[in-house]
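These notes are about the structure you will find just below.
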Amino acid sequence: MSPATIVLMSDFGECNGTVSMVGVVKSVDPTLSVYTLTHEVPRFDVKTASRLLSDQLSSWPKGTVFVCAVDPAVGTRQRVLAVETCDGYGIVAPDNGCITDVERAHGLAAVRDLHELHTAYAASEQSGLYHGRNLAYCAAQLASGKTPFLDAGESILIEELVRI
């Protein structure tokens with residue numbers, strides 16, 4: 001069986017710590033495969049992130065876990081989500097509408113609040129600035145199976161999600 005795959009997407013640009021997201025994933029499980037979709041989403045453009053994420057899912061094997069680190073409300077108490085699509089993909093993202101197009105095109109099978117995983121990572125983060133590393137950590141926990149989806153956090157009603 002091949003190692004699980006994580007795909008990263010952000011609005012950080014290529015020079016703003018994106019490699020540290022890979023480091024966090026590899027520190028959770030060095031066998032995980034990590035790829036970059038893009039780090040060039042226009043800054044804080046949740047609508048573009050939503051469209052791009054939805055368009056790219058089916059280009060990857062079922063079971064791939066995507067990280068969407070595009071968040072105009074970064075640093076707030078906004079929820080961090082784990083999403084399972086109806087067609088077999090995973091997404092870790094803030095609850096800011098970035099999965100709106102995914103819901104329309106792929107359907108959402110289940111959503112979990114990753115508060116505990118996110119808090120555990122935040123407590124270990126020395127700089128206090130996450131820059132997507134918190135999302136990468138949550139994705140790695142899920143993709144590696146160290147934290148099964150059903151144990152990742154409280155279930156969230158799909159109707160309660162923020163949408164664009």
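When reading the values below, keep in mind they use all heavy atoms of this one structure, side chains included, and skip hydrogens, waters and symmetry mates.
- Hydrophobic clustering (ILVMFWY, side-chain heavy atoms < 4.5 Å, transitive): Trp60 and Leu53 are in one cluster.
- The shortest side-chain heavy-atom distance between Arg112 and Leu150 falls under the 4.5 Å cut-off.
- Residues satisfying the side chain to side chain donor-acceptor pair (under 3.5 Å) test with Thr147, not counting sequence neighbours, are Gln141.
- Not counting sequence neighbours, the partners of Glu103 by the side chain to side chain donor-acceptor pair (under 3.5 Å) test are Arg163.
- Asp95 pairs by the side chain to side chain donor-acceptor pair (under 3.5 Å) definition with Arg79, not counting sequence neighbours.
- Residues Val65 and Thr5 form no side-chain contact, since every pair of their non-hydrogen atoms from C-beta on lies 4.5 Å or further apart.
- The distance from the SG atom of Cys68 to the CD1 atom of Ile99 is 9.5 Å, given to the nearest 0.5 Å.
- Annotation: salt bridge (charged side-chain N to carboxylate O under 4.0 Å, His left out) contacts involving residues 45-67, sequence neighbours excluded, are absent.
- Between the CG atom of Leu37 and the CD atom of Gln56 there is a distance of 5.0 Å, given to the nearest 0.5 Å.
- Side chains of Tyr137 and Val28 form a contact here, defined as non-hydrogen atoms less than 4.5 Å apart.
- Rounding to the nearest 0.5 Å places CZ of Phe66 at 11.0 Å from CD1 of Ile6.
- Residues satisfying the salt bridge (Lys or Arg N to Asp or Glu O under 4.0 Å) test with Asp113, not counting sequence neighbours, are none.
- Two residues are said to be in side-chain contact when any heavy atoms from C-beta on lie closer than 4.5 Å; Asp71 and Asp11 fail this criterion.
- Side-chain contact, Asp101 with Ser54: no donor N or O sits under 3.5 Å from an acceptor N or O.
- Counting heavy atoms from C-beta on, the side chains of Ser50 and Val102 never come closer than 4.5 Å.
- Remark: the backbone N or O of His106 is not paired with any side-chain donor or acceptor of Thr85 at under 3.5 angstrom.
- In this structure, CG in Leu114 is found 10.0 Å from OG1 in Thr119, a value given to the nearest 0.5 Å.
- Closest of all the heavy-atom pairs between Pro72 and Asn96 is CD-ND2, 4.0 Å.
- A 6.0 Å sphere centred on CD of Glu116 holds no more than 12 heavy atoms belonging to other residues, nucleotides or ligands.
- Among residues at least two apart or in separate chains, side-chain hydrogen bond (donor to acceptor under 3.5 Å, both in side chains) pairs with a member in residues 23-37 are Asp29-Thr31.
- For Asn134 (side chain) and Val80 (main-chain N/O), no donor-acceptor pair under 3.5 Å exists by modelled atom type.
- Residues Met9 and Val67 have side chains not in contact (no heavy-atom distance under 4.5 Å, counting atoms from C-beta outward).
- Taking hydrophobic clusters as Ile, Leu, Val, Met, Phe, Trp and Tyr residues chained together by side-chain heavy-atom distances below 4.5 Å, Leu135 shares a cluster with Leu117.
- Taken from CG in Leu8 to OG in Ser10, the straight-line distance is 8.0 Å, to the nearest 0.5 Å.
- Residues Val92 and Leu142 meet the side-chain proximity criterion, which asks for heavy atoms closer than 4.5 Å.
- Of all non-hydrogen atoms in Thr48 and Pro42, the two that sit nearest each other are CG2-CD, 4.0 Å.
- Contact annotation: the side chain of Arg104 approaches that of Thr100 to within less than 4.5 Å [non-hydrogen atoms, C-beta and beyond].
- Val25 and Val7 sit in two unconnected hydrophobic clusters of ILVMFWY residues. Membership requires side-chain heavy atoms under 4.5 Å apart, directly or through other members.
- Closest non-hydrogen pair, Met21 versus Ala69, comes out as CE-CB, 4.4 Å.
- The number of heavy-atom neighbours closer than 6.0 Å to CD of Glu160, taken from other residues, nucleotides and ligands shown, is above 12.
- One finds the CG atom of Leu108 at 7.5 Å from the CD1 atom of Ile91 (value rounded to the nearest 0.5 Å).
- Under a hydrophobic-cluster definition in which Ile, Leu, Val, Met, Phe, Trp and Tyr are linked whenever side-chain heavy atoms come within less than 4.5 Å, directly or via other members, Phe12 and Val34 are assigned to the same cluster.
- Val19 and Val70 fall into different hydrophobic clusters, where Ile, Leu, Val, Met, Phe, Trp and Tyr residues are linked whenever their side-chain heavy atoms come under 4.5 Å apart, directly or through other members.
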